Amino acid sequence: ESYNDMTLVSLATEAEAAPTKGDLVMTYSTTGGGSTTVGTDLTAEMSADDGGTWTDLGLVAGDIEGTTGGHTIITKHNVTISSTITAPYKMRYRVKTMNQSTSKDTRIQAVSLGWS
């Protein structure tokens with residue numbers, strides 16, 4: 001078997017007004033007996049300009065909210081969008097898994113991006 005790092009990019013969703021803050025809710029699991037280090041093995045970013053620029057959400061272990069059905073829940077709220085954008089405001093998230101191996105296979109189950 002081979003284990004590869006992954007970059008997961010969402011389709012764009014157009015915001016009605018200029019967003020200044022973003023929120024992320026995600027569930028993930030790790031197979032193979034290892035553990036995923038949030039912020040090192042699992043990162044997330046958001047974009048308000050269709051992926052032209054990305055704002056790091058700065059995930060840390062303290063963002064873990066608990067588990068559901070064997071999946072870890074992680075949330076990040078009120079992250080300031082760091083880029084200057086103009087209409088149309090096309091929102092995307094980008095999730096990356098790194099350092100994957102037979103003992104650490106991170107699987108993403110669900111991701112939700114919100115903004116205001």
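Starting from 1, each residue takes its place in the sequence as its number. As the structure is a computational prediction, the values presented were derived from the model and not from experiment.
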Participant: Is the shortest heavy-atom distance from the side chain of I81 to the side chain of M46 under 4.5 Å?
Facilitator: yes
Participant: Working to the nearest 0.5 Å, report the span between CZ of R107 and OG1 of T36.
Facilitator: 11.0 Å
Participant: Side chains of D23 and T75: closer than 4.5 Å at any heavy-atom pair?
Facilitator: no
Participant: With a 4.5 Å cut-off on side-chain heavy-atom distances among I, L, V, M, F, W and Y, is there a chain of contacts connecting V95 to V60?
Facilitator: no
Participant: Walk me through whether D50 and R92 qualify under side chain to side chain contact (heavy atoms under 4.5 Å, CB included).
Facilitator: CA-CA 6 Å; D50 203 21; R92 289 180 182 259; 2.7 Å; yes
Participant: Which pair of non-hydrogen atoms, one from I108 and one from M26, has the smallest distance, and what is that distance?
Facilitator: CD1-SD, 4.1 Å
Participant: When you measure from the side chain of D5 to the backbone of Q100, do you find a donor-acceptor pair of N or O atoms at a distance under 3.5 Å?
Facilitator: yes
Participant: For residues S47 and V9, determine if any side-chain heavy atom of one lies less than 4.5 Å from a side-chain heavy atom of the other.
Facilitator: no
Participant: Supply the atom-to-atom distance I73 CD1 to Q109 CD, rounded to the nearest 0.5 angstrom.
Facilitator: 11.0 Å
Participant: Considering all heavy atoms of both residues, which atom of D56 and which atom of A44 are nearest to each other, and what is their separation?
Facilitator: OD1-O, 3.3 Å
Participant: Just to verify, which of T106, L42, T67 counts as forming a side chain to side chain contact (heavy atoms under 4.5 Å, CB included) with T72?
Facilitator: T67
Participant: Any side-chain donor paired with an acceptor under 3.5 Å for S35 and T30?
Facilitator: no
Participant: Quick one: salt bridge (charged side-chain N to carboxylate O under 4.0 Å, His left out) pairs with a partner in residues 9-22, sequence neighbours left out?
Facilitator: none
Participant: To the closest 0.5 Å, what do you measure between CG (D63) and CG (L57)?
Facilitator: 9.0 Å
Participant: Any link between L113 and I74 through a network of hydrophobic side chains (Ile, Leu, Val, Met, Phe, Trp, Tyr) touching at under 4.5 Å?
Facilitator: yes
Participant: With rounding to the nearest 0.5 Å, note down the distance linking NE2 in H71 to OG in S29.
Facilitator: 4.5 Å
Participant: Which atom names give the shortest non-hydrogen contact between W54 and Y93, and what distance separates them?
Facilitator: CZ3-C, 3.7 Å
Participant: Listed by chain and number, what are the side chain to side chain contact (heavy atoms under 4.5 Å, CB included) partners of T40, not counting sequence neighbours?
Facilitator: T37, N99
Participant: With rounding to the nearest 0.5 Å, note down the distance linking NZ in K96 to CG in D41.
Facilitator: 13.5 Å
Participant: Are side-chain heavy atoms of I64 and Y28 found at a separation under 4.5 Å?
Facilitator: yes
Participant: Enter the distance from M98:CE to K104:NZ here, rounded to the nearest 0.5 Å.
Facilitator: 10.0 Å
Participant: Are M91 and V111 joined in one hydrophobic group, where the rule is that I, L, V, M, F, W and Y side chains link up if heavy atoms are under 4.5 Å apart?
Facilitator: yes
